[in-house]
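Presented below is the structure to which this report refers.
Note that the numbering runs from 1 along the sequence shown for the chain.
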Amino acid sequence: MPRLSEVIAALENLWPAERAESWDAVGTVVGDPDQEVTRVLFAVDPVREIVDEAVRLGADLLVTHHPLYLRGTTTVAASHFKGRVVHTLIKNDIALHVAHTNADTADPGVSDALAGALDLRVVRPLVPDPTDPDGRRGLGRVCALDHPLTLRELAARAAKRLPATAQGIRVAGDPEAVIRTVAVSGGSGDSLFDQVRAAGVDAFLTADLRHHPASEAVAHSPLALLDAAHWATEWPWCELAASQLDEISDRHGWDLRVHVSKTVTDPWTAHAASSVTTS
């Protein structure tokens, strides 16, 4: 039965903290390095619903993609929801570890998991990590389809393969346009339009696309856009990360029980469709 320090060392080997962006907050948030770990839960968000799930599961370690405190704090009082999370974790001897932008750029990372969920073949990173001599790490992925699909068919595949959310998949572009190559980036991706255009792909699938960047992107070129829920584009990483820890556990004889939360923590809970009109 491994100690927390041993499991964290294995996770840090997968997603080294030094590869996180300078503004990010990754690593272990709470936890006693000497405590024993038998059960681990992976999730996207360190919110109350997930922490309560970890308690019910009897987990010793919760690993999330999003940080709990991204901008720092001066209090962990339980009167605040984040403070309540900290109190609940400590009272139940549950450690919390975060892998955020260091998991985004990992090989394999968040966008590899997203591409895998959609049966896309990864060709290369969208924004390569200059410190990687093998050219495999980096932000986003440039992918190819095994056979061409229309934009409508690709959107339907994304809606079917990604976890269901109130948003679903928003699409910009001709629904009958033929798609052969796709750039993907888990999480917010509208800062990457220059790199996407430079990649020469037919479509870009990401999340959190804002009006003006999306409008300018489609005005620049026939690039098709697929905008999914932020949580949905990052959830496949949880399954990838859990399988990686499972393999490490087997190799070390740890016999860890590794779980992936299926609790939907996307903040949007309902969608009312507008009547579609054509001009």
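No side-chain donor-acceptor contact under 3.5 Å links D104 to the backbone of L139. Formation of a donor-acceptor pair under 3.5 Å by the T64 side chain with backbone atoms of A43 is not found in this model. In this structure, the side chain of D24 does not engage the main chain of S22 through any donor-acceptor pair within 3.5 Å. Within the 3.5 Å criterion, the main-chain N or O of G187 finds a donor-acceptor partner in the side chain of T206. Judged purely by atom type and a 3.5 angstrom limit, R180 has no side-chain atom pairing as donor or acceptor with the backbone of P148. Remark: the backbone N or O of H97 is not paired with any side-chain donor or acceptor of T28 at under 3.5 angstrom. When atom types are taken as modelled, the side chain of E216 and the backbone of P213 share no donor-acceptor pair closer than 3.5 angstrom. Side-chain atoms of E234 do not come within 3.5 Å of backbone N or O of V44 as any donor-acceptor pair. Distance alone, capped at 3.5 Å, places no donor-acceptor pair between the E239 side chain and the A113 backbone. D107 places no side-chain N or O within donor-acceptor distance of the main-chain N or O of R136, the cut-off being under 3.5 Å.
Q167 is listed as a side-chain neighbour of D227, based on a closest heavy-atom distance under 4.5 Å. Taking 4.5 Å as the limit, every side-chain heavy atom of V182 sits out of range of all side-chain heavy atoms of V201.
The closest side-chain donor-acceptor pair between T131 and R19, if any, does not fall under 3.5 angstrom. Checking E49 against T263 by side-chain atom types alone, no donor-acceptor pair falls below 3.5 Å.
In summary, of the residues considered (V85, L62, V98), a side-chain contact (heavy atoms from CB on, under 4.5 Å) with V29 occurs for V98 alone.
Heavy atoms of other residues, nucleotides or ligands lying less than 6.0 angstrom from CG of D255 number 12 at most. When the shell of 6.0 Å around CZ of R251 is examined, it contains more than 12 heavy atoms from other residues, nucleotides or ligands.
Taking the six-membered ring for Trp and thresholds of 30 and 60 degrees, W254 and H252 have nearly parallel ring planes, at less than 30 degrees apart. Taking the six-membered ring where tryptophan is involved, the planes of W237 and H65 are tilted, since the angle between them lies from 30° to 60°.
The side-chain hydrogen bond (donor to acceptor under 3.5 Å, both in side chains) analysis of residues 115-127, with sequence neighbours excluded, yields the pairs D119-R161.
Across all non-hydrogen atoms, the minimal contact from V260 to A242 is CG2-CB, 3.5 Å.
Using a cut-off of 4.0 Å between Lys/Arg side-chain N and Asp/Glu carboxylate O, E153 and R157 are scored as not salt-bridged. R48 has a carboxylate O that lies under 4.0 Å from a charged side-chain N of D52, or vice versa, which qualifies the two as a salt bridge.
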